[in-house]
Amino acid sequence: MKFTTIFGDVIDTPCIGCVVMDNSKFKEGRIFQTKLWDVSQDFEIPYPGMIVISPMRHVSNYMDLSDEEMHELHQLTIFCKKACMDIFDCQKLAYMFYEKPNGHVHFVIIPLHGLVEINDKYAVLSELFSKAPTLLNDKQNMQRVVTAIDNLRTYFQNITL
């Protein structure tokens, strides 16, 4: 299956999560990485600060996460929330969990900082997916994505787990 990242990389793989985790692709979007988790800008939707937290090993079922992974995920989620609230000056975030068949479990954090109007609070991700082509072709938006990644990387320099 072929995927195209927001930075134009074409990746052909059955599991995009595993390819992103191996550090050979999507380096531009990486924010922070531990031995257990990767924190990156979403590779499909160019919405500034849309963070994806993925396990470093292939896990397709939430129940297969270890206690150590769960603990660190909790810490990363709290830190991501603080980072988004500070960097984007927002008070609300959307959180989503994905468990796709034959895919990689991942967690998505979206700062609701008003760059894109969300009409249905129950369909944040589907609305952002539908607006992705417009966001991708908006040079100002793509610059905001790059700036957001840089700001998040700087913020994450202060994390200790």
So, taking the atom named [atom1] in [X] and the one named [atom2] in [Y], what distance separates them when rounded to the nearest 0.5 Å?
{"X": "Cys84", "Y": "Leu112", "atom1": "SG", "atom2": "CG", "value": "9.5 Å"}
{"X": "His58", "Y": "His104", "atom1": "NE2", "atom2": "NE2", "value": "7.0 Å"}
{"X": "Thr34", "Y": "Phe156", "atom1": "OG1", "atom2": "CZ", "value": "10.5 Å"}
{"X": "Leu152", "Y": "Asp86", "atom1": "CG", "atom2": "CG", "value": "10.5 Å"}

How close do [X] and [Y] get, heavy atom to heavy atom, and via which atoms?
{"X": "Val10", "Y": "Lys2", "value": "CG1-CD, 4.3 Å"}
{"X": "Ile6", "Y": "Met142", "value": "O-CE, 3.6 Å"}
{"X": "Gly49", "Y": "Pro111", "value": "O-CD, 3.1 Å"}
{"X": "Pro46", "Y": "Ala132", "value": "CG-O, 3.8 Å"}

Going through the distances and angles, do Val146 and Glu28 end up as a side chain to side chain contact (heavy atoms under 4.5 Å, CB included)?
CA-CA 8 Å; Val146 171; Glu28 299 93 339; over 6 Å; no
Partners passing side-chain contact (heavy atoms from CB on, under 4.5 Å) against [X] (at least two apart in sequence or in another chain):
{"X": "Ile53", "result": "Trp37, Val39, Ile51, Leu73, Leu76, Thr77, Cys80, Phe107, Ile109"}
{"X": "Met85", "result": "Lys81, Gln91, Leu93"}
{"X": "Asn151", "result": "Ile87, Thr147"}
{"X": "Asn61", "result": "Met63, Asp64, Glu99"}

Looking at side-chain heavy atoms only, is the closest gap between [X] and [Y] below 4.5 Å?
{"X": "Pro55", "Y": "Leu36", "result": "no"}
{"X": "Asp38", "Y": "Arg30", "result": "yes"}
{"X": "Leu128", "Y": "Met50", "result": "yes"}
{"X": "His71", "Y": "Asp67", "result": "no"}
{"X": "Glu69", "Y": "Arg57", "result": "yes"}

Kindly check if the number of other-residue, nucleotide or ligand heavy atoms within 6.0 Å of CG (Asp89) is above 12?
no
Kindly state each residue pair satisfying side chain to side chain donor-acceptor pair (under 3.5 Å) with at least one member in residues 42-55, sequence neighbours excluded.
none
So, applying ring pair (Phe, Tyr, Trp, His ring centres under 6.0 Å) with His106, which one of Tyr98, Phe43, Tyr62 is it?
Tyr98
Just to verify, what does Asp150 make a salt bridge (charged side-chain N to carboxylate O under 4.0 Å, His left out) with, not counting sequence neighbours?
Arg153
Qualifying residues under salt bridge (charged side-chain N to carboxylate O under 4.0 Å, His left out), relative to Glu72, sequence neighbours excluded:
none
Residue pair Gln157 / Thr154, side-chain donor-acceptor N/O under 3.5 Å
no
Between Val59 and Phe97, is there shared hydrophobic-cluster membership here, with clusters defined by ILVMFWY side-chain heavy atoms closer than 4.5 Å?
yes
Pair listing, salt bridge (charged side-chain N to carboxylate O under 4.0 Å, His left out) test, anchored in residues 129-147, at least two apart:
Glu127-Lys131
Tell me, please, which residues at least two apart from Thr4 pass side-chain hydrogen bond (donor to acceptor under 3.5 Å, both in side chains).
none
Would you please name every residue forming a ring-ring contact (aromatic ring centres under 6.0 Å, His included) with Phe88, sequence neighbours left out?
His113
With Tyr95, which residues qualify under ring-ring contact (aromatic ring centres under 6.0 Å, His included), at least two apart?
none
Would you call Glu68-Lys35 a salt bridge at under 4.0 Å N-O?
yes
Which pairs, with at least one residue in residues 128-147 and sequence neighbours excluded, count as a ring-ring contact (aromatic ring centres under 6.0 Å, His included)?
none
